[in-house]
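Convention: sequence-line order gives letters A, B, ...; per-chain numbering from 1.
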Amino acid sequence: MDDVKTPSREERKSALSGLGTSRKRVEDARFTQGKGNYVDDIKLKGMLFGDFVRSPVAHARLKNIDTSAALALPGVHAVLTAADLEPLGLHWMPTLAGDKQMVLADGKVLFQGQEVAFVVGDDRYAVADGVSLVEVEYEELPVVTDPFKAELKDAPILREDIADQKEGAHGARRHPNHIFTWEAGEKEQTNKVLEEAEVVADEMVYYHRTHPCPLETCGCVASMDKVNGKLTVWGTFQAPHAVRTVASLISSIPEHNIRIISPDIGGGFGNKVGVYPGYVCSIVASIVTGVPIKWVEDRMDNLMATAFARDYWMHGKISATKEGKITGLWCHTTADHGAFDACADPTKFPAGFMNICTGSYDIPVAYLAVDGVYTNKAPGGVAYRCSFRVTEASYFIERMIEVLAQKLGMDSAELRSKNFIKKEQFPYTSALGWEYDSGDYHQAWEKAMKSVNYKQLREDQAKQLQSFKDGKSRKLMGIGLSHFTEIVGAGPVKNCDILGLGMFDACEIRIHPTGSAIARLGTISQGQGHATTFAQILASEIGIPASDITLEEGDTDTAPYGLGTYGSRSTPVAGAATAMAGRKIRAKAQMIAAYLLEVHDDDLEWDVDRFSVKGAPEKFKTMKEIAFASYNQAIPGVEPGLEAVSYYDPPNMTYPNGAYVVVMEIDVDTGVSDIKQVYALDDCGTRINPMIIEGQVHGGLTEALAISMGQEIAYDEQGNVMTGTLMDFFIPTAWETPNYETDYTETPSPHHPIGAKGVGESPNVGGVSAFSNAVHDAFKPFGLTQAHMPHDHWRVWKIAKDLGLHS
Amino acid sequence: MIPSAFTFYKPENIEKAVSLMVDFGDEARVIAGGHSLIPVMKQRLTDIKHLIDLSGINEIKGIEITDNRISIGAMTTQVELINNEELFKKAPIIREASLQIADPQVRNLGTIGGNVANGDPANDMPGLMQLLDATYKLSGSKGVRDVKAREFYEGAYFTVREDDEILISISFEAPSGGYAYEKQKRKIGDYATAAAGVILKVENNMCSSASIALTNLSDTPVYCNKAVDIILGKEIDNNILTQVTEACVEQSDPVADQRGPVEFKKYVAGIVIKKALTRAIERT
């Protein structure tokens, strides 16, 4: 025994694989072997399938639906229409944004791909044949796809159901196609500052319509057990508890009789936050038929009908002194919400956190107004790999900075540096009302500029420009800069709720007698690696190796209530709950250890994986010993067992930030851009798992590349979706994906128990601006101020053409 | 995305396949690699009652090279075209163009026969075969006949093939001279925004033979006879290349789609043609 060396503190720490460890993802063993369990893998006895008849047109009155031929087809069991749902009050459903949405077309259709009827049959084949046999008679109506035309006096009225309502969920409506006006900041003061300013830049910045397009599309299996009255729904839900509560409220099935299970989810990116007609129809069909119903949409359904992202027309004015000190910011946004307002935002924020649009800058006064309008497009407006409307806000300010720099004749890196909120100003209250918790923007910016050798890049660019002007080259070089500040981790219950459900989150921990543990959370991983990282948080908090901790999420019958995973809220909210629950475990463990060591609680100190007696470290009890004792010792005044639950209401949001640089070479004749360098510095506070952070940054940058350089949901004037397949909807492959350099600074959040801020969405927020700014930067010498995304070949070619660069 | 019901046949020889085509007329379609057909079936854009799989017919697979004559069975996959060293020696442009088709997974199943016979103007092989002045061999109820690739295409998805005919092989003379196949596309797996193939020979600084063809720039592949007439016998200089390029673009007739408007496509056509010409000349 004497030969056995007592492990050092560092060795014991390392054995935990806690915070800061690049622990390998525990999920990957099953995913890489095809052993994941997704919705479509769920097969229940007697299960039938459902699918939709969808509208081929964007706006039409429904004259007739004839289901007889479909019903006559062997293998087809039922065809649901709005008329069948109406007696249940389920032909419409509430949206997360306070609007309502047709579950199945009720009298009219409002967008191409809208759900008209739900066919239920033996298998996908019978259902597909049934769908093709449902005869629907449409009387086409004039179509509105342009949000600026939606509010014209003679515009066709889209939502006849609320045409006369002057008040919406978010205040006054000024036109039947108008949804809301939402304002923040000081209107008059901002106007005054702009009027008196030395320099004002004025620009319309459009962030086009795109789609999260997760690898796995949306779907569910609904199973109503008529014997015990219990409804179980397996589905692609980013917020299973919220789905349970909403399902109970709209179906009047008692909440304890509803069990929502999110199994493995193949990416969400905001697409799987909302409630879709497919879920409602599957539940109703299961109640009607008495057997489980599976509905899984195909790729075209997903792109055409489930939640889109962005479609924000942001008109901005930014003012500054001649020396480049920003004095004010004004923004008016026209938000195209499609046919129903089905944004997934905290209820009090119909334009999400668009009021983070002052970005990383110390702007004394600002004003923001957002007008939401209806058009004949699919509903949505979800936060595609970002917190609510934060990518929009960040893109807006990062374009405005560039436009202002152009007007000032100043380098935009210098303009940014001149206006960053200073380290000593934190906590900083922005002109639009947010309290930024922490940051060191100058440190990050300087590190980024040094890492990419910014000065050299500008010299190279000048050489390339000269060569272009001399007729020696047809290529231009663009340097895209961005500095972003996100607002994530929704959020404090005082101002963040979804349909009245406060946006706290929860963690419950049970320590087993032998010293391993299970933890359950109110969030749900869709690829983020929660089972890996949350175990690391716990490992550091309670001294049990991460590999001895099972993580479970997604089953509302077992997991504590939480609002799910989106908007980078898992680490800031559920991660905090995890740490806090761990601390409760440790507090109880301390009492048990004190009893076992026959000392007072206060005589003990925590030492990685044990409590030891202060000044006598050889006297200790490990967590493993304490766990066993909690099950077999009768300790006066202490309940047996070692469990804890924590519901965490965050005191503030977190504010991850970063500095990104993209360098590209653009061929002015073909419009082809060649990305030469992508540098991404992130400050997400305390870094839980550097390898997962790097993976998140790579993934987010790739989506940013897609969005800025080609990905869009395009409609023609008749409201036809022009990008309904992956042929035209751009998803980068390894071939199109450039190399990424990642970097970091670490400024812990002062209010988060472990200082973490969240990172999953940062690269998308920072990346889109950086890619787009690089394109703009290449053409800046020729006077380009704004060209809308996506910057695909023909649009880049058009920039060059319009600037007269084609001889 | 589920196709409507169909009956599946897998004949072992071409006679059986033809007799099925005769029996079912326009309700039948043959399937080779399926990359064009299966998506339209799944979207129910076409209703095929009888699907005849040609993958069991060994006689229409493989590459035969006799002296300078190359014959390729219709069911030869693109990956086989790429990997065949003999073919590469005789006609390296086949590998160059094939490598620009879709992605490796598609090329593992996609066939030359399916690519040329479908009549999709976006496919790369039809233009390439016009470039090589290839001959298609068709087998039908009235026997076997040869059709020149340059005379095969009538419009998008319309060819001179009769309903009961099956393309069985493609043959051409090994080309000589410099060559290039240039394609601009949005991403891997995409069809061409514009693509051009060039084969030409330069002797004593004069162009002694030339062939130029375009992909996805009209409702059929475009063989640029006018441009060929301009360059033949001429001294190669920048001026002539510009004239040739303009003549090619003149013969193109692209349609607007998500890749861009007509004006852009014609401009890019000019760029890829010029690149192909330049590279082909460099290789002479």
Side-chain angles (χ1 to χ4, degrees), chain A residues 49 51 73 75 121 123-133 217 296-302 474 667-673 705-706 709-714 716 721-737 790 792-798 800-801 806-807, chain B residues 1-6 35-36 38-47 99-100 102-106 120 122 182-196 216 238 242 245 249 254-275 278:
Chain A
F49 294 79
D51 200 3
L73 192 74
D123 51 41
R124 291 181 194 283
Y125 301 92
V127 171
D129 289 343
V131 165
S132 70
L133 288 175
T217 59
V296 177
E297 60 181 9
D298 67 28
R299 180 63 59 199
M300 291 176 75
D301 297 339
N302 180 257
R474 295 295 290 161
D667 184 320
V668 299
D669 288 325
T670 59
V672 174
S673 41
L705 167 83
M709 304 308 287
Q711 187 178 84
E712 65 174 323
I713 295 288
D716 68 9
V721 180
M722 305 303 286
T723 49
T725 75
L726 297 187
M727 173 64 81
D728 287 315
F729 185 86
F730 177 43
I731 299 277
T733 67
W735 188 267
E736 288 83 19
T737 305
D792 53 2
H793 297 172
W794 87 262
R795 286 182 176 95
V796 171
W797 174 86
K798 179 105 177 13
K801 177 179 181 280
H806 297 154
S807 47
Chain B
M1 289 208 278
I2 305 277
S4 53
F6 56 85
H35 288 297
S36 301
I38 291 173
V40 293
M41 287 173 70
K42 282 184 158 188
Q43 289 177 65
R44 298 197 177 209
L45 297 174
T46 182
D47 189 12
L99 280 169
Q100 295 181 64
D103 55 55
Q105 285 171 307
V106 169
D120 184 341
E182 280 284 341
K183 179 175 179 178
Q184 179 166 333
K185 54 186 175 181
R186 295 172 297 181
K187 56 180 177 182
I188 279 295
D190 196 16
Y191 293 121
T193 301
N216 215 13
N238 228 342
T242 304
T245 303
V249 174
V255 292
D257 58 20
Q258 289 307 114
R259 291 173 189 84
V262 170
E263 193 191 5
F264 164 70
K265 288 191 171 184
K266 286 203 162 200
Y267 192 97
V268 170
I271 302 291
V272 298
I273 293 160
K274 195 81 175 271
K275 276 188 193 169
T278 309

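- B/Q184 touches chain A through its side chain: at least one heavy atom from C-beta onward sits under 4.5 Å away, while N, CA, C and O do not.
- When all heavy atoms of A/V668 and A/W797 are compared, the closest pair comes out as O-CD1, 4.0 Å.
- Looking at A/K798, neither its backbone nor its side chain comes within 4.5 Å of chain B, counting heavy atoms on both sides.
- Comparing A/E712, A/M709, A/M727 by how many heavy-atom pairs each has under 4.5 Å with chain B, the most go to A/M727.
- Checking side-chain atoms of B/K185 against main-chain N and O of B/Q100 turns up a donor-acceptor pair under 3.5 Å.
- Only the side chain of A/R474 has a heavy atom closer than 4.5 Å to any heavy atom of chain B.
- With respect to the salt-bridge test (charged N to carboxylate O, under 4.0 angstrom), the residues B/R186 and A/D728 qualify.
- Atom CG of residue B/D120 and atom NE2 of residue B/H35 lie 13.5 Å apart, to the nearest 0.5 angstrom.
- Heavy-atom distances place the side chain of A/T733, and not its backbone, under 4.5 Å from chain B.
- In this structure, B/T245 contributes its side chain and B/I273 its backbone to no donor-acceptor pair below 3.5 Å.
- Side chain of A/Q711 to main chain of A/F730: a donor-acceptor pair is present (N/O by atom type, distance under 3.5 Å, no hydrogens or angles).
- Contacts between B/E263 and chain A at a heavy-atom distance below 4.5 Å involve backbone atoms as well as side-chain atoms.
- Using a 4.5 Å cut-off between heavy atoms, A/D129 touches chain B through backbone and side chain atoms alike.
- Of the listed residues B/I188, B/D103, B/V268, the one with more heavy-atom pairs under 4.5 angstrom with chain A than any other is B/I188.
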